[in-house]
Amino acid sequence: MGISHRSQRRLNVFTSILFTTTAMSAAIHAPSSSEVGYHQVFARSTSEECLPYRDASLPVDDRVEDLIQRMTIDEKAGQLFHEILAQGPNGTLSNTTAKVVSGKLMTHFNLLGGIVNVRTTAQWYNRLQQLALDTRLGIPITLSSDPRHAFSNKAGSAIAANSFSQWPETLGLAALRDADLVEQFGNIARQEYLAVGIRSALHPQIDVATEPRWARISGTMGEDADLTAELAVGYIKGFTGEEGFGTQSVTTVSKHFPGSGPVEHGEDSHFTYGKNATYRGKNFEHHLIPFKAAIAAGTRQIMPYYSRPMGTKYEEVAAGFNKGLITDLLRGELGFDGIVVSDWGLITDAIIAGQDMPARAWGAENLTELQRAEKILNAGTDQFGGEQRPDLILELVKKGIVSEERIDVSVRRLLREKFLLGLFDNPFVDVDAAEKNVGKAEWVRLGFETQKKAYTLLTNNDDVLPLKADENAKFYIEGLNKTYLEERNLQVVETPAEADFALLRLQAPYVPRPGGFEANYHAGSLEYNATEKARQAAIYAAVPTIVDIYLDRPAIIPEIADAATALIANFGASSQAFLDVVFGVDGSRPLGKLPFDLPRSLAAVEANKEDVPFDTENPVFRYGDGLSYADDC
Ligand SMILES: *[C@@H]1O[C@H](CO)[C@@H](O)[C@H](O)[C@H]1NC(C)=O
Ligand SMILES: *[C@@H]1O[C@H](CO)[C@@H](O)[C@H](O)[C@H]1NC(C)=O
Ligand SMILES: *[C@@H]1O[C@H](CO)[C@@H](O)[C@H](O)[C@H]1NC(C)=O
Ligand SMILES: *[C@@H]1O[C@H](CO)[C@@H](O)[C@H](O)[C@H]1NC(C)=O
Ligand SMILES: *[C@@H]1O[C@H](CO)[C@@H](O)[C@H](O)[C@H]1NC(C)=O
Ligand SMILES: *[C@@H]1O[C@H](CO)[C@@H](O)[C@H](O)[C@H]1NC(C)=O
């Protein structure tokens, strides 16, 4: 790329600031920060453009006040919405982007889908920022994301790592019981996020996993509230960075207040059949433990869940609508003064992945959309996730139902966050640096080592692991590609009968659900069905078998514990990580301890009180279980 091209790009940016026309911006490429920062260019522009909110030398509060008094109600309303946004092809803006950014004046978006090409994503991000800077006040975008550093790839809750360093799910971090490691993970994830412009983490998920059937356990830190609290602190520290909250931070959204572990019958509240959180054990307070720790550690934002609390002193309405929970408990008793962003889609019915998804207005189903928006604001919630309905805010204010002062309270919080993140002063990312830094070898290596360490050894008859197979040994395998064994000069055979060992990589049991969106949620029974149990039993009877089970939920697997030669659990691990651990390559060892109990039976699970930890009868394995290889001391 020649010098003339570089200066042309500078000029483009410069002119775009002087003459903010959409027509011109179409041709604009954002500069990389190594060339020239937006602020520098801006400082050289006309005095008329030197507005106080643009002046990085002024205190943030002054800048917020200057900006807010310039804003129309339309511009304020746009800030209150935080919507899903997809990239267009090859780093371009998708067709709907101008509609939400230039049309609805929205500036908060969560990035849908995987980041496969870092360069084009960074380019897309810069184009998105430019579009926002070309609006009247040039309020920059804040880009957010669900977790994207592990394996789980489920629309609406997690995205697979792709280009980023790949770690076990948070359950695997919990298996290692190491807050420093969690902080280190957070630090690395923060830098990878920063590189592509993601400045808001829609996590950590600090729900205490007290109901084993819940489909969202894999994103939690397990069944123990105190461990979750301890690790949440490391997590938030890592995403904040060593210098404290500022231009190098990713803001954290701790979720889902007030702790969504106690879902009735284990059903998730994305769905009509899972509306209720239930407290049969009168254990509501217990679920606040991680939130108290997260607030003390400086989490900037909190997300209430869809569930409505049943049988407590609070109104039986979804948390985002719930004044008792948000204003009285979270802001009042717990002293939280940050941003409250609702979970996605509380107002508007939608079709998600081809499936009808009614608004998650549980307990407020009969309210109109306008009444729902009013109730959410009156609850004390600042921002509407997964919605793009500034029209409702305009109507509420115009009709005098909600005051502009109330809107200002939330807009101030949201703007302040953008200023502190440095987005007004340096909205662009350096495309070359992004490409260089994301997925750095050292970070990828640490992620891989952590996948291995998080392995949790549950049985190991005759100390079969680490496996010392001779060179003629034959392996029957399931759940992994035979090329991985062949690369290690290991022989793969087609049937258990021919094999010396079987290596099975299993997914924890669940009952498949229909629908494009719902199918992502592993719910229902935690046992394999009779057919599958019989199929596995035949293998265990035929050949010494090492079972590796991916625990996204606490599986009920007494039969495997009894019949397999060894049983190890992973919380997200690659095939290479698995084989390294099985063969003890370079000292690879399972060091994990279970982050939850593994129940004995479905009857025991059904008798469990959803809000109470460690209460299924006679579990097969307990929280904290995890053996060591015999050659370890
Ligand atoms: C993507 O963009 C690059 C550079 O702008 C271009 O060279 C390439 O051909 C594009 N690829 C596709 C598939 O459009
Ligand atoms: C997006 O815009 C392109 C180019 O204008 C057009 O070809 C395409 O059909 C549009 N896609 C949608 C989903 O509107
Ligand atoms: C939730 O609780 C209410 C009140 O006990 C009950 O009527 C309802 O059936 C429960 N389940 C759902 C999905 O609403
Ligand atoms: C909502 O409306 C339905 C149908 O009109 C009614 O049966 C139900 O009782 C209403 N629910 C509430 C909570 O008012
Ligand atoms: C196994 O890996 C090879 C080589 O990477 C690939 O060509 C093949 O498609 C894979 N097989 C399956 C079933 O994924
Ligand atoms: C039993 O489980 C297996 C494996 O999970 C599945 O393929 C099969 O469809 C299930 N059978 C029944 C009858 O549910």
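A quick note: this is a predicted structure, and the numbers were derived from the prediction, not measured. Note that ligands are numbered from 1 as they come in the structure, with each ligand's atoms numbered from 1 the same way. This chain uses plain numbering: 1 for the first residue, then up along the sequence.
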Parallel, tilted or perpendicular: which fits the ring planes of F583 and F475, with parallel below 30° and perpendicular above 60°? perpendicular
Indicate the ring-plane relationship of Y273 and F271, choosing parallel, tilted or perpendicular according to the 30° and 60° boundaries. parallel
Do any heavy atoms of E264 fall under 4.0 Å from ligand 3?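 It does, in that a heavy atom of E264 comes within the 4.0 Å cut-off of ligand 3.
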Would R308 count as a contact of ligand 3 if the rule is a heavy atom under 4.0 Å away?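 In this structure, R308 qualifies as a contact of ligand 3 - some heavy atom is under 4.0 Å.
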Taking only heavy atoms of T483 into account, list the atoms of ligand 5 that are under 4.0 Å away from them. 1 (C), 2 (O), 3 (C), 4 (C)
Please list, in number order, the atoms of ligand 5 under 4.0 Å from a heavy atom of N481. 1 (C), 2 (O), 3 (C), 8 (C), 10 (C), 11 (N), 12 (C), 14 (O)
Knowing that exactly one of L325, N322, L367 qualifies, which makes a side chain to side chain contact (heavy atoms under 4.5 Å, CB included) with V317? N322
Using a strict threshold of under 4.0 Å (side-chain N to carboxylate O), is an ion pair present between R216 and D146? no
salt_bridge(R600, E617) N-O dist < 4.0 Å: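 A salt bridge is absent here (no side-chain N lies under 4.0 Å from a carboxylate O).
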Heavy atom of protein closer than 4.0 angstrom to atom 5 (O) of ligand 6: no
Look at atom 11 (N) of ligand 5 and say whether a protein heavy atom is found at less than 4.0 angstrom from it. yes
May I ask you to check whether F284 and Y314 place their ring centres under 6.0 Å from each other? yes
Assess the pair F336 and F257: is the distance between their ring centroids shorter than 6.0 Å?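 Between F336 and F257, the centre distance exceeds or equals 6.0 Å.
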What atoms of ligand 3 come closer than 4.0 angstrom to any heavy atom of Y273?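 By the 4.0 Å cutoff, the relevant atoms are 13 (C).
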Which residue supplies the protein heavy atom nearest to atom 9 (O) of ligand 3, what is that atom called, and how far is it?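 The closest heavy atom on the protein side is N276 ND2, 4.9 Å.
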Return the option from V511, T531, N529 holding the heavy atom at the smallest distance from atom 2 (O) of ligand 6. N529
Passes side chain to side chain donor-acceptor pair (under 3.5 Å), N110 versus W344? Steps please. CA-CA 10 Å; N110 67 307; W344 270 220; 3.1 Å; yes
Tell me the contacting part of M310 for ligand 3: side chain, backbone, both, or neither, using a 4.0 Å heavy-atom threshold, strictly below.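 The side chain, only.
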For ligand 3, indicate whether the residue T272 contacts it via side chain, backbone, both or neither (heavy-atom separation under 4.0 Å).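 Backbone only.
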